[in-house]
Amino acid sequence: MPELPEVEAARRAIQENCINKRIRTSTIADDPKVIGGVSPSEFQSSINGKTIVAAHRKGKNLWLQLDSPPFPSFQFGMTGAVYIKGVAVAKYKRSAVSDEEEWPSKYSKFFIVLEDGLELSFTDKRRFAKVRLLQDPTSVPPISELGPDALLEPMKVEEFVDSLSKKKIAIKALLLDQGYISGIGNWVADEVLYQARIHPLQVAATLSKESCETLHCCIKEVVNYAVEVDADSNSFPIEWLFHFRWGKKSGKVNGKKVDFITAGGRTSAYVPELQKLSGAQTEKKGRQGKPRKEESDEEPEPEDEENGSSKSRKSKKAAGGSKKQKKKVRQDDSDDDDSNSDEDEKPQKSAKRSTRKQPGKQKKKARR
């Protein structure tokens with residue numbers, strides 16, 4: 001799913017191109033699964049004629065501040081993306097809508113035309129995103145429940161080291177917990193753990209002070225660099241694990257084999273030769289996450305995506321947490337699930353109907 005760098009790239013594009021411009025018209029998709037708690041007509045009447053004064057982000061959530069409330073809020077889900085006609089906006093690897101498709105896309109859920117003719121669209125191909133109309137987005141879930149933003153509110157290294165020493169849970173699961181640090185998703189977590197040479201299933205409290213300090217540095221460097229290049233993956237350093245983690249196919253990064261396990265309930269890429277379990281944990285015990293060939297291709301439930309929680313016992317076990325742990329860990333959606341259900345692939349009533357003829361029914365993708 002789109003993570004902090006991708007959402008921040010969208011926010012910056014809106015900030016640079018849409019601020020202090022009045023919304024001339026809007027079209028909201030008739031899709032209750034994505035558009036929450038308000039009818040399309042009510043949504044439209046609430047924002048038409050208003051001026052966009054700022055674009056804000058916390059974690060993986062974005063909202064537009066208008067000259068008066070309520071404000072449109074966007075939780076990107078698995079494939080949410082912002083498009084501005086004529087403006088390049090970085091896209092998450094799995095979110096991109098082809099430039100050859102009609103405009104606005106048949107997957108568009110929120111479409112506005114500004115007073116100068118500029119057009120903005122929020123699309124969602126798999127319908128796990130949430131678009132809401134809120135009086136104060138920061139005062140209600142999911143934003144009100146988020147931990148400090150990894151870019152805007154980084155923990156001090158001493159605070160980070162101390163907090164990890166108290167967490168008896170696998171480090172990958174902890175990094176995906178949006179209540180602990182917001183904005184880190186699957187690929188960022190895998191990247192920082194690879195660069196810090198930490199196994200995804202290593203229990204956080206067992207990490208040495210040196211490892212904690214290295215991880216703190218890697219989080220800062222990866223997030224800041226990805227944001228600096230507007231989440232353009234083509235600009236990421238070639239030695240990053242990012243380039244070798246997609247498709248669940250083992251490859252090699254810097255000559256070292258990449259493997260996949262389930263950690264924190266998510267398909268996780270790591271390099272066994274460099275990321276080894278330490279202390280009382282052993283590789284045999286640590287590989288309680290199932291190998292990728294045994295993983296389920298089922299989609300996460302929409303409620304899990306919205307709340308960021310993993311409810312299955314298998315996910316809890318893979319996370320490495322104690323059975324006695326009462327607090328549920330909120331986690332990121334899997335960005336490595338290639339499966340698409342028929343329901344998610346079929347566009348609902350989009351923000352603007354295309355006049356083109358619809359292509360014939362596509363063959364369903366084979367599920368493993």
Side-chain angles (χ1 to χ4, degrees), residues 1-10 57 59-61 75-81 90-96 125-126 128-129 149-151 170-178 180-201 215 218-254 256 258-271 274-275 289 292 295 300 305 308 310 318-319 330-339:
M1 66 185 296
E3 303 178 26
L4 189 157
E6 291 84 8
V7 181
E8 176 63 13
R57 178 197 59 78
K60 295 175 279 189
N61 295 266
Q75 187 176 1
F76 281 53
M78 294 182 73
T79 56
K91 302 295 182 300
Y92 181 66
K93 192 177 182 74
R94 300 277 174 85
S95 301
K125 295 174 69 175
R126 299 177 73 175
F128 284 101
D149 185 86
L151 175 69
I171 187 62
K172 171 69 182 285
L174 182 61
L175 292 178
L176 294 181
D177 178 0
Q178 299 303 295
Y180 179 64
I181 299 176
S182 59
I184 295 178
N186 212 15
W187 82 255
V188 172
D190 283 352
E191 190 64 50
V192 299
L193 290 174
Y194 164 69
Q195 294 193 21
R197 303 299 189 253
I198 297 173
H199 194 288
L201 294 175
L215 179 58
C218 290
I219 291 174
K220 180 178 179 180
E221 290 180 350
V222 169
V223 170
N224 286 356
Y225 189 92
V227 167
E228 182 180 341
V229 298
D230 286 331
D232 179 5
S233 59
N234 293 322
S235 299
F236 293 171
I238 189 61
E239 64 270 17
W240 276 21
L241 177 67
F242 178 92
H243 301 292
F244 305 89
R245 69 176 304 280
W246 303 96
K248 301 181 184 177
K249 296 179 180 179
S250 298
K252 289 187 176 182
V253 52
N254 298 323
K256 309 293 184 182
V258 178
D259 202 356
F260 298 83
I261 57 173
T262 298
R266 303 292 174 247
T267 302
S268 304
Y270 80 119
V271 179
L274 301 176
Q275 297 169 261
R292 55 191 172 92
E295 290 173 22
E305 192 285 319
S310 178
R330 294 192 304 276
Q331 297 171 336
D332 168 46
D333 283 294
S334 172
D335 57 10
D336 293 300
D337 190 346
D338 293 317
S339 65

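Here the structure is a predicted model, which is why all the values come from computation and not from measurement.
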Would you indicate whether the side-chain heavy atoms of [Y] and [X] approach each other to under 4.5 Å?
X: R57; Y: D149; answer: yes
X: D190; Y: Q275; answer: no
X: V253; Y: R245; answer: no
X: I171; Y: I198; answer: yes
X: F236; Y: V229; answer: yes

Please name all residues satisfying side-chain hydrogen bond (donor to acceptor under 3.5 Å, both in side chains) with K220, sequence neighbours left out, ordered by chain then number.
-> none

The side-chain hydrogen bond (donor to acceptor under 3.5 Å, both in side chains) partners of E191 (sequence neighbours excluded) come to Q195

Roughly how far apart are [X] [atom1] and [Y] [atom2], rounded to 0.5 Å?
X: K60; Y: Q75; atom1: NZ; atom2: CD; value: 9.0 Å
X: Y270; Y: I261; atom1: OH; atom2: CD1; value: 5.0 Å
X: S182; Y: N61; atom1: OG; atom2: CG; value: 8.5 Å

Heavy atoms only: give me the nearest [X]-[Y] pair and the separation to one decimal.
X: G77; Y: P2; answer: O-CD, 3.4 Å
X: W240; Y: A226; answer: CH2-N, 4.5 Å
X: L201; Y: A263; answer: CD2-CB, 3.7 Å
X: A150; Y: I181; answer: CB-CG2, 3.7 Å

Please confirm whether the backbone N or O of [Y] pairs with a side-chain atom of [X], one donor and one acceptor, at under 3.5 Å?
X: N186; Y: T267; answer: yes
X: E6; Y: A231; answer: no
X: D230; Y: D232; answer: no
X: Q178; Y: G59; answer: no

E239: partners by side chain to side chain contact (heavy atoms under 4.5 Å, CB included), with sequence neighbours left out | P237, N254

Any residue meeting side chain to side chain contact (heavy atoms under 4.5 Å, CB included) with A189, in chain and number order, not counting sequence neighbours = K172, L175, L176, I184

Going by the ring-ring contact (aromatic ring centres under 6.0 Å, His included) test, name the single residue among F242, F244, Y194 that passes it with W187.
-> F242

Take L4 and L151 through the side chain to side chain contact (heavy atoms under 4.5 Å, CB included) test and state the conclusion after the steps.
-> CA-CA 8 Å; L4 189 157; L151 175 69; 4.0 Å; yes

